[in-house]
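Everything below concerns the one structure shown next.
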Amino acid sequence: MSSAATRVTSQDHLWSVTEHLEDILATVRPLEPIELQLLDAQGCVLVEDVTVPVSLPPFDNSSMDGYAVRVADVAGASEEYPAVLTVVGDVAAGQGEQLRVGPGEAARIMTGAPLPPGAEAVVPVEWTDGGLGEGPVSGMRARSAAPEGASGQVHVHRPAEARAHVRAKGSDVKAGDRALEAGTILGPPQIGLLAAIGRGTVRVRPRPRVVVLSTGSELVQPDEPLGSGQIYDSNSFALCAAARDAGAIAYRVGAVADDAETLRATIEDQLIRADLLVTTGGVSVGAYDVVKEALSSVGDEDEEGSGIDFRKLAMQPGKPQGFGTIGPEHTPLLALPGNPVSSYVSFELFVRPAIRTLSGLADIHRPTTTATLETGKALTSPDGRRQFLRGRYADGKVTPVGGAGSHLVAALAQADALIVVPEDVTSVEPGTEVEVVLLG
């Protein structure tokens with residue numbers, strides 16, 4: 001890291017939520033595409049259309065375990081007057097040898113096996129006696145236990161129409177079709193489709209690597225005993241989980257003590273594995289706000305606007321925020337407040353859209369809706385600030401959780417929505433319509 005002036009902004013300017021987010025999104029750019037093996041590409045965004053090189057399925061095949069037959073040979077078949085056919089052998093999936101079904105013949109066929117020449121339909125084994133000379137059977141005996149099942153005669157108890165229980169070549173996708181379009185997020189079904197059409201690698205934007213650091217000498221890791229004046233570090237766990245939920249590969253760094261040099265060294269060590277850095281705590285106006293102390297003078301002397309700018313936002317919770325770029329690769333860094341609820345709300349508003357932008361996604365925001373406010377009293381908001389309250393949403397209604405206090409971690413765990421009170425509204429009455437950000 002090199003020392004330089006901070007990003008050029010007014011320390012006295014009160015930023016709106018929109019202005020702060022726009023500044024972040026103007027800086028963050030999608031990661032460069034790379035070629036990845038299929039399983040490594042899960043969760044990534046496809047950067048090019050994928051066309052089908054070979055039809056799927058590549059041949060007519062059976063959708064049932066049964067017998068491949070000619071339609072004329074089973075016309076009028078019934079349990080009382082079954083069609084009796086000579087079994088000429090087995091057709092199994094992956095079998096290279098090709099049988100031919102002639103008049104009065106049938107081939108025992110397995111699901112997925114190619115329809116043999118001469119056959120026009122498949123009758124399920126349940127429509128036959130399975131070659132046992134008795135009534136209808138429920139299945140076939142294993143070939144290893146009864147190899148004679150591939151020969152002899154079979155009684156068919158029902159007729160079959162042409163192409164019955166046959167999956168046609170190309171009925172899934174045809175050669176030249178577009179299998180997936182650019183911008184698709186690769187989940188399990190998409191990975192399966194790529195494998196099915198023979199693609200072993202794919203070109204995608206990689207999942208962003210996000211490093212999360214908590215700061216504060218009072219922080220103790222879970223499972224360790226608490227000393228006097230200490231609390232457990234919850235922020236790094238919550239934000240790391242939130243980053244993964246947003247699609248990132250997230251790394252959690254243990255809490256850093258309130259020492260500027262230690263924090264700068266820790267951040268410098270983490271830059272090698274970070275596409276985005278997120279800190280929590282130390283951004284307000286106190287004497288021990290170490291993030292502000294450590295990063296206010298960090299930047300690139302040769303690049304105007306680099307470094308970290310600390311600013312005040314017209315929002316509650318989450319008024320103090322920091323944003324900028326750091327290190328030789330100008331890695332984006334978002335500095336969030338240390339209050340657990342403030343940090344999580346800030347993550348949802350600012351970090352999540354940044355992660356999804358790095359991923360190359362078109363839709364970077366949580367879904368929003370309007371809902372009827374269900375509460376026994378009006379919601380009040382500071383004049384000139386946009387307020388984000390925790391709530392439970394269901395069936396077009398939203399109920400505040402945990403009151404107006406921004407420090408209630410338990411209330412945050414119960415919430416599945418944020419209730420948005422705009423800047424120009426100081427009181428929202430019960431029964432009115434409000435904007436809701438859906439977190440689930």
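Count residues from 1 along the sequence.
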Does some side-chain heavy atom of Leu193 sit less than 4.5 Å from a side-chain heavy atom of Val50?
-> no
Thr372 and Glu433: side-chain donor and acceptor closer than 3.5 Å?
-> yes
Looking at CD1 of Ile267 and CD1 of Ile308, how far apart are the two atoms once the value is rounded to the nearest 0.5 Å?
-> 8.0 Å
Quick one: does Arg29's side chain have a donor or acceptor within less than 3.5 Å of a partner on Ala26's backbone?
-> yes
Is it true that Arg163 and Asp60 make a salt bridge, defined as a side-chain N closer than 4.0 Å to a carboxylate O?
-> yes
Hits for side chain to side chain donor-acceptor pair (under 3.5 Å) against Glu161, two or more places apart or cross-chain, chain-then-number order -> none
Take atom CD of Glu48 as the centre, draw a 6.0 Å sphere, and report whether it contains more than 12 heavy atoms from other residues, nucleotides or ligands.
-> yes
Mark yes when over 12 heavy atoms from residues, nucleotides or ligands other than Leu132 sit less than 6.0 Å from its CG; otherwise mark no.
-> yes
Any sub-3.5 Å donor-acceptor pair from Arg390's side-chain atoms to Leu412's backbone N or O?
-> no
Side chains of Ser346 and Gln321: do they bring a donor and an acceptor to under 3.5 Å?
-> yes
If you look at every heavy atom in Val71 and Glu120, which pair is closest and at what distance?
-> N-OE1, 2.7 Å
Distance-only, no hydrogens or angles: does the Thr86 side chain make a donor-acceptor pair with backbone N or O of Glu105 under 3.5 Å?
-> no
To the nearest 0.5 Å, atom CZ of Arg108 lies from atom CG of Asp65 at 9.5 Å
Who passes ring-ring contact (aromatic ring centres under 6.0 Å, His included) against His157, sequence neighbours left out?
-> none
Return the set of residues passing side chain to side chain donor-acceptor pair (under 3.5 Å) with Ser236 (not counting sequence neighbours), or none when no residue passes.
-> Asp233, Arg252
Can you see which heavy atom on Ala68 is nearest to which on Ile109, and at what distance?
-> N-CG2, 3.9 Å
Measure from the side-chain N and O atoms of Asn339 to the backbone N and O of Val341, and report whether any donor-acceptor pair falls under 3.5 Å.
-> yes
Listed by chain and number, what are the side chain to side chain donor-acceptor pair (under 3.5 Å) partners of Glu423, not counting sequence neighbours?
-> Arg386
ring-ring contact (aromatic ring centres under 6.0 Å, His included) involving His20 - partner list, sequence neighbours excluded = Phe350
Counterpart residues, side chain to side chain donor-acceptor pair (under 3.5 Å), relative to Glu35 (two or more places apart) | Thr201
